[in-house]
A.B. asks: 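Submitted below is the structure of interest, expressed as structure tokens.
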Number of protein chains: 2
Amino acid sequence: MSKSGRPREFKDTAVIDAAVEVFWSQGYGACSTDDLCKETGLGRGSLYNAFGSKHELYEQALIRYHQVGIEAQLEILNNDAPVKERLQELLEWEIREGSTAKDRGCLLINASVERGKTDPTVERIFKQHVALLEQALEKTIREGQSAGEISRERDTSELTALFLSCCYGLRVIYPGTMNRALARQIIEGTLAAIF
Amino acid sequence: MSKSGRPREFKDTAVIDAAVEVFWSQGYGACSTDDLCKETGLGRGSLYNAFGSKHELYEQALIRYHQVGIEAQLEILNNDAPVKERLQELLEWEIREGSTAKDRGCLLINASVERGKTDPTVERIFKQHVALLEQALEKTIREGQSAGEISRERDTSELTALFLSCCYGLRVIYPGTMNRALARQIIEGTLAAIF
DNA sequence: CTAATTTTGTACTAATTGTTACAAAAATAA
DNA sequence: TTATTTTTGTAACAATTAGTACAAAATTAG
């Protein structure tokens, strides 16, 4: 059917991955379509032909980042290690994620802060990301309560909200200050507050 | 001495306050010098004559926001109400601050996320802001421990880091999701974790 | 082969950007 | 008054921006 024509010289996923890097390092407004062309290796023609606009590529990059990130976090949470170990591993992951090589924090927080109030797509993805993490955390914490690791007396959704807030606080404070001692105290303090 | 010449038709502080509004609502990159002229009421000549550049005005706006914000937070913390009430009031203030009318979060977080990695001035002010809040929190929490409101068994700096992280998490999650129920749970969960 | 279709690279466009130049305006100092 | 100094508004500039036009290139269908 529709198989004729010159074939593409690139894989969409590789281009989107490269775009994630650009948007993550520079932000949406601060990067140019030229930067995107250079880093993805595409010419303007190809880029616009394949993705339509800078904004549509941004959308795809956010969704990809969201999916990869959520998958990694769920893998940590849906483990069979003790709940305390899982939660600690998640916090350590937050630090690693936002500080590997370039210290650019969390792309979704960056996007929400930069464009969340004017860009419905960004708002939607951010809300979804928070909701999914919240949901997975609640399940894990409830598990910890069932197993007797966490006191059953305490309100599950309050514990969840507490941990969630600490995650996002860490994602902002650590990349912003690069204060490793403070980050460690946040991790210790968060775990001590729950167990 | 140097009193001659045409007098200014504006007060610097009023201009900086107006600039805070612009940078807070739009961010640094997304607002133009035209926007700044319109909102401050100055012509381009006056603005550049008085402040030098967009970036210098940004710097002044950040410092002003920082000073006003820290003052308000210290006033809440250095009270004679029970420590629990002070900390609760601080969390409520975070929500109000980031959601009055325009839901634009915390200007310093916004600045750190948008420009912290490329702008040393932003990095410096953000670090200072975090450090000052941390210091004031630690003092208050230690006070709570002395008064017997908070268990003396628990590590003071861990409790401080925990609360700090929750503050910043709240400042990101609430403006980003506008989920009031979640914000309330974060407040309840944070207080329950300390008292 | 030819015709059709899609991708690719380049040149271009129209708009916006931060900043500067500069003359007119408004004040003080003598 | 006249000379001096500073502010103000306008006009302009050079650079950069996201997006488009379009022809050449590369493939498939028949």
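Small disclaimer: the values here were computed from a predicted structure and weren't measured. Letters A, B, ... are given to chains in the order of the sequence lines, protein chains preceding strands, and every chain is numbered from 1.
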A.B. asks: Please compare B:Glu9 and B:His55 by the position of their nearest nucleotide in DNA chain C and report the one closer to 5'.
C.D. replies: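 The 5'-side residue here is B:His55.
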A.B. asks: For B:Tyr28, does its backbone N or O pair with a side-chain atom of B:Lys54 as donor and acceptor, under 3.5 Å?
C.D. replies: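 Yes; at least one donor-acceptor contact below 3.5 Å.
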A.B. asks: Is there a residue in residues 12-36 of chain B whose heavy atoms reach under 4.0 Å of DNA chain D, and which residues are they?
C.D. replies: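 Residues of residues 12-36 of chain B that come under 4.0 Å of DNA chain D do not exist, since none gets that close.
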A.B. asks: Do B:Glu21 and B:Arg104 sit within salt-bridge range, that is, some charged N less than 4.0 Å from a carboxylate O?
C.D. replies: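 A salt bridge links B:Glu21 with B:Arg104.
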A.B. asks: Please state how far atom NZ in A:Lys54 lies from atom C1' in D:dT16, giving the value in whole angstrom units.
C.D. replies: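 Taking atom C1' of D:dT16 as the reference, NZ of A:Lys54 is at 12 Å.
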A.B. asks: Side-chain N or O of A:Arg8 less than 4.0 angstrom from OP1 or OP2 on C:dT7?
C.D. replies: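 Checking A:Arg8 against C:dT7: at least one side-chain N or O falls below 4.0 Å of OP1 or OP2.
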A.B. asks: Across the strands shown, which category fits A:Gly43 at heavy-atom distances under 4.0 angstrom: base, sugar-phosphate, nothing?
C.D. replies: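 Sugar-phosphate, backbone atoms only, no base.
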A.B. asks: Please determine if B:Glu143 and B:Arg86 form a salt bridge, counting it only when a charged side-chain N lies under 4.0 Å from a carboxylate O.
C.D. replies: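 Result for this pair is yes, salt bridge flagged.
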A.B. asks: Are the side chain of A:Lys117 and the backbone of B:Pro175 linked by a donor-acceptor contact shorter than 3.5 Å?
C.D. replies: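 Judged by distance alone, yes, a pair lies under 3.5 Å.
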A.B. asks: In whole angstroms, how far is the P atom of D:dA11 from the OH atom of B:Tyr48?
C.D. replies: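 That distance rounds to 18 Å.
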A.B. asks: Out of C:dA27, D:dA18, C:dT8, which nucleotide sits closest to the side chain of A:Phe10?
C.D. replies: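 Nearest to the side chain of A:Phe10 among the choices is C:dT8.
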A.B. asks: Among A:Thr156, A:Leu162, A:Leu77, whose side-chain contact (heavy atoms from CB on, under 4.5 Å) with A:Ile141 holds?
C.D. replies: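 It is A:Thr156; the other options fail the test.
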A.B. asks: Return yes if the base of D:dT7 and the side-chain atoms of B:Arg6 contain a donor-acceptor N/O pair under 3.5 Å, otherwise no.
C.D. replies: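 Answer is yes: a donor-acceptor pair is held.
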A.B. asks: Taking the basic N atoms (NZ, or NE/NH1/NH2) and the acidic carboxylate oxygens, is any pair closer than 4.0 Å for A:Arg184 and A:Glu92?
C.D. replies: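 Salt bridge: yes.
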A.B. asks: With distance as the sole criterion, is a donor-acceptor pair present between the side chains of B:Ser32 and B:Asp35 under 3.5 Å?
C.D. replies: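 Distance-only check passes for B:Ser32 and B:Asp35.
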A.B. asks: Roughly how many Å is it from CG in A:Leu47 to C1' in D:dG19, rounded to a whole number?
C.D. replies: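 Rounding to the nearest Å, CG of A:Leu47 and C1' of D:dG19 are 11 Å apart.
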A.B. asks: Rounding to an integer number of Å, can you tell me how far A:Asn49 CG sits from D:dC22 P?
C.D. replies: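 These atoms are roughly 16 Å apart.
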A.B. asks: Would one find a side-chain N or O of A:Ser4 under 4.0 angstrom from OP1 or OP2 of D:dT28?
C.D. replies: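 No, no such contact exists.
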A.B. asks: Report the distance from atom CZ of B:Arg44 to atom P of C:dT19, rounded to the nearest whole Å.
C.D. replies: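 Rounded to whole Å, this separation is 9 Å.
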